[in-house]
K.L.:
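Below are the structure tokens for one structure; questions will follow.
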Number of protein chains: 2
Amino acid sequence: MPITHLPLNALRAFEAAARLGSMNAAATELGVTHGAVSRHVKALEERFGLPLFERHPRAIVPTREGAQLASELAEAFDRMQIAVSRVQPGPLTLSCSSTVMMRWLIPRLEKFKRANQAIELRLNINYDNVDFIREEISLAIRTSIYRAPAGAVAETLIHEEIGPVCHPDYADRLGLSKPDDLLRARILGSATRPQAWTDWAAALGRPELRMTPNEVYAHFYLVIQAAACGLGLALAPRLLVDDEIRSGHLVAPLGFVAGPYELQLWIADHLRGRVDVRTTANWIRAEMRAMSATP
Amino acid sequence: MPITHLPLNALRAFEAAARLGSMNAAATELGVTHGAVSRHVKALEERFGLPLFERHPRAIVPTREGAQLASELAEAFDRMQIAVSRVQPGPLTLSCSSTVMMRWLIPRLEKFKRANQAIELRLNINYDNVDFIREEISLAIRTSIYRAPAGAVAETLIHEEIGPVCHPDYADRLGLSKPDDLLRARILGSATRPQAWTDWAAALGRPELRMTPNEVYAHFYLVIQAAACGLGLALAPRLLVDDEIRSGHLVAPLGFVAGPYELQLWIADHLRGRVDVRTTANWIRAEMRAMSATP
DNA sequence: CGTTCGAGTGAGTTTTTATCACATCAAGCC
DNA sequence: GGCTTGATGTGATAAAAACTCACTCGAACG
């Protein structure tokens with residue numbers, strides 16, 4: 001079949017259906033009804049003379065050929081998207097967790113905007129993997145718990161230092177000065193990073209300490225907030241509580257130790273040449289360096 | 001612009017127009033009228049808000065952005081084509097010059113078909129570069145005068161040996177036994193390989209010999225035919241005249257010398273895994289080896 | 001100096017694509 | 001068992017997109 005007669009729209013619909021495992025979801029992504037997608041897929045199957053999906057009552061599963069075709073098409077569409085984005089550059093999009101956004105980015109955003117008035121910055125909240133091409137992400141700040149996906153390059157920003165933090169009065173009241181004192185305290189945990197306390201115990205060289213959270217919050221910034229309100233102890237990276245410690249809202253009674261992860265900057269591969277991306281990446285690096293320089 | 005709303009058909013039309021440098025040509029390739037292509041391109045330019053072509057009275061020239069976009073789109077469409085061809089494998093297509101087809105391939109084709117009845121072979125005539133993806137070529141036989149394009153890998157089949165050939169009576173009549181005797185003879189040339197005689201003189205170590213053809217034929221196989229009919233001397237690779245020499249229709253009064261080129265097999269990169277392609281490539285290699293083994 | 005060649009365009013037509021509304025099927029659940 | 005639910009398939013029809021036709025323009029060609 002020559003390229004000149006490929007049914008491009010049908011291929012796009014099929015690729016979406018295969019990637020999402022659902023005609024309905026594909027239809028939503030494409031902004032059409034499921035019927036339109038269903039027809040596209042059927043047209044393709046008739047044209048190729050082979051089934052691309054196994055139909056089950058509540059699900060569709062790509063056949064061997066379908067899966068292969070879909071994955072190769074995905075690459076082709078990615079390239080197309082990149083090609084177009086080069087003549088139609090969108091805003092710079094920075095993705096980070098809600099916590100990093102709350103406690104690190106937003107406090108510095110005014111300064112960034114003043115220094116880079118020409119850069120239109122769009123923010124995206126996400127703490128794990130993300131498709132840099134489809135979701136048009138330029139930069140992401142992530143911990144090394146996750147691996148940068150294909151299409152992005154990762155670099156180290158800082159090595160995380162972690163430690164328990166709480167309200168100053170709380171630390172005084174419970175007399176917290178060595179790890180074992182913590183067993184008397186209320187331990188606050190985060191759903192997005194369930195292994196945080198265990199990591200810390202391991203980093204201390206006390207893996208036997210059983211630091212099971214008494215309470216688990218949905219977001220990490222809620223844990224910090226709860227600690228600042230005297231509800232217990234949060235296990236936080238220094239980066240995210242430095243301002244609070246400086247202002248006296250929080251203390252770190254046991255200090256900080258080097259944690260097992262680092263904070264990374266992920267850069268969309270195809271955007272590395274863009275001036276605003278380089279500028280913003282440099283700004284992020286500089287701000288991070290400034291943080292780790294002030295103990 | 002999200003991938004879900006890319007105007008795929010307009011992008012294809014634009015890519016064709018940019019590649020061919022003409023809306024008309026693109027229209028022909030796509031099987032539509034030039035108006036349709038013109039409208040697609042205009043729609044794209046309006047959507048992007050920038051011109052993709054400079055319009056000149058009889059030509060369109062891609063702008064900087066247009067050229068960039070087109071070349072990246074070409075890659076994306078190539079991939080798409082490859083993806084589809086994997087689920088819809090077409091016939092195996094072998095491309096070679098009309099001369100190689102006449103004098104080497106066709107005489108062996110019957111044998112090939114008998115040995116490989118399952119392989120559907122399509123033939124394509126072309127002696128220089130060719131787009132393996134767009135024109136759906138699997139294998140090509142070429143001299144190393146040309147370089148294999150991106151998307152194909154080249155390997156050596158044989159090193160060409162070249163020498164003047166003519167009808168036996170012609171050689172007798174003119175008494176041809178050393179290079180300088182040829183100055184008395186009628187020199188036949190081919191438009192597709194105008195430097196053949198000069199190459200030979202150089203290979204002999206007699207670059208000063210001015211072997212200017214008295215007559216130039218459009219195709220190389222016509223030159224061989226003319227020589228076989230006693231019209232003069234052809235400068236031929238041994239490969240293409242071996243049968244004629246064996247049967248006594250031609251003689252090579254000065255023998256053959258190693259020429260500056262080799263005969264190559266070009267294989268479409270994305271088809272190297274296909275069984276019929278491997279089989280056919282092996283057959284070609286074996287047949288070529290058989291030729292160079294019999295002096 | 002008329003002819004030709006290639007592109008742009010208004011109006012109208014054809015083709016494709018999408019919607020709507022309903023059908024189907026089986027899993028999950030009282 | 002029988003009802004509900006969630007997902008896909010499809011006939012009829014509406015909407016949108018793509019295409020053609022027939023003409024225009026402008027300059028290069030001969």
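Everything numeric here is computed off the predicted structure, so don't read it as measured data. Note on naming: letters A, B, ... go to the chains in the order of the sequence lines (proteins, then strands), and numbering restarts at 1 for each one.
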K.L.:
What is the separation between atom CG on A/Leu8 and atom C1' on D/dA17, rounded to the nearest whole Å?
P.N.:
14 Å
K.L.:
Decide, yes or no, whether a salt bridge links B/Asp78 with B/Arg134 under the criterion of side-chain N to carboxylate O below 4.0 Å.
P.N.:
yes
K.L.:
Are any of B/Ser38's side-chain N or O atoms less than 4.0 Å away from OP1 or OP2 of C/dG8?
P.N.:
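Result: yes.
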K.L.:
D/dA18 C1' sits how many Å from A/His5 NE2, rounded?
P.N.:
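So the two atoms are 14 Å apart, to the nearest Å.
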K.L.:
Could you tell me whether A/Asn24 contacts a base, only the sugar-phosphate backbone, or nothing, with contacts defined as non-hydrogen atoms closer than 4.0 Å?
P.N.:
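Here A/Asn24 touches the bases of the nucleic acid.
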K.L.:
Specify the separation, in whole Å, of atom CG of A/Asn9 and atom P of C/dT15.
P.N.:
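To the nearest whole Å, that distance equals 18 Å.
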K.L.:
Let me spell it out: for each of A/Pro57 and A/Val32, pick the nucleotide of DNA chain C with the closest heavy atom. Which residue's pick is nearer the 5' end?
P.N.:
A/Val32
K.L.:
Between D/dG6 atom C1' and A/Ile60 atom CD1, what is the distance in whole Å?
P.N.:
13 Å
K.L.:
Is there a donor and acceptor pair closer than 3.5 Å between the side chain of A/Arg39 and the base of D/dT8?
P.N.:
no
K.L.:
Give the ring-plane orientation class for B/His219 versus B/Tyr221, where under 30° counts as parallel, over 60° as perpendicular and anything between as tilted.
P.N.:
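Ring orientation, 0 to 90° scale: parallel.
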K.L.:
Taking CZ from B/Phe14 and P from C/dG8, how many angstroms apart are they, rounded to a whole number?
P.N.:
13 Å
K.L.:
Report the distance from atom CZ of A/Arg58 to atom P of D/dG9, rounded to the nearest whole Å.
P.N.:
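Value for this atom pair: 15 Å.
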K.L.:
Let's test your reading of the model: under 3.5 Å, does the base of C/dA7 pair with the side chain of B/Arg55 as donor and acceptor?
P.N.:
no
K.L.:
Would you say C/dT19 has OP1 or OP2 under 4.0 Å from some side-chain N or O of A/Thr33?
P.N.:
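For C/dT19, OP1 or OP2 has a side-chain N or O of A/Thr33 closer than 4.0 Å.
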K.L.:
Is any NZ, NE, NH1 or NH2 atom of the basic residue among A/Arg79 and A/Glu72 found under 4.0 Å from an Asp or Glu carboxylate oxygen of the other?
P.N.:
no
K.L.:
What about A/His34, does its side chain sit under 3.5 Å from the base of D/dG9 through a donor-acceptor pair?
P.N.:
yes
K.L.:
Assess the pair B/Phe220 and B/Tyr127: is the distance between their ring centroids shorter than 6.0 Å?
P.N.:
no
K.L.:
Could you state the atom-to-atom distance from CG of A/Leu44 to P of C/dT17 in whole Å?
P.N.:
10 Å
K.L.:
Which of the following nucleotides, D/dT5, C/dA7, C/dT4, is nearest to the side chain of B/Met23?
P.N.:
C/dA7
K.L.:
According to a strict under-4.0 Å criterion, is A/Lys42 in side-chain N/O contact with OP1 or OP2 of D/dG9?
P.N.:
no
K.L.:
What is the nucleic acid contact for B/His56, judged by heavy atoms within less than 4.0 Å: base, sugar-phosphate only, or nothing?
P.N.:
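Nothing: the residue B/His56, judged by heavy atoms under 4.0 Å, touches no strand.
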K.L.:
Inspect the surroundings of CD in A/Glu135 and state if more than 12 heavy atoms from other residues, nucleotides or ligands are less than 6.0 Å away.
P.N.:
yes
K.L.:
Please report the distance, rounded to the nearest Å, between CD in A/Glu46 and C1' in D/dT10.
P.N.:
12 Å
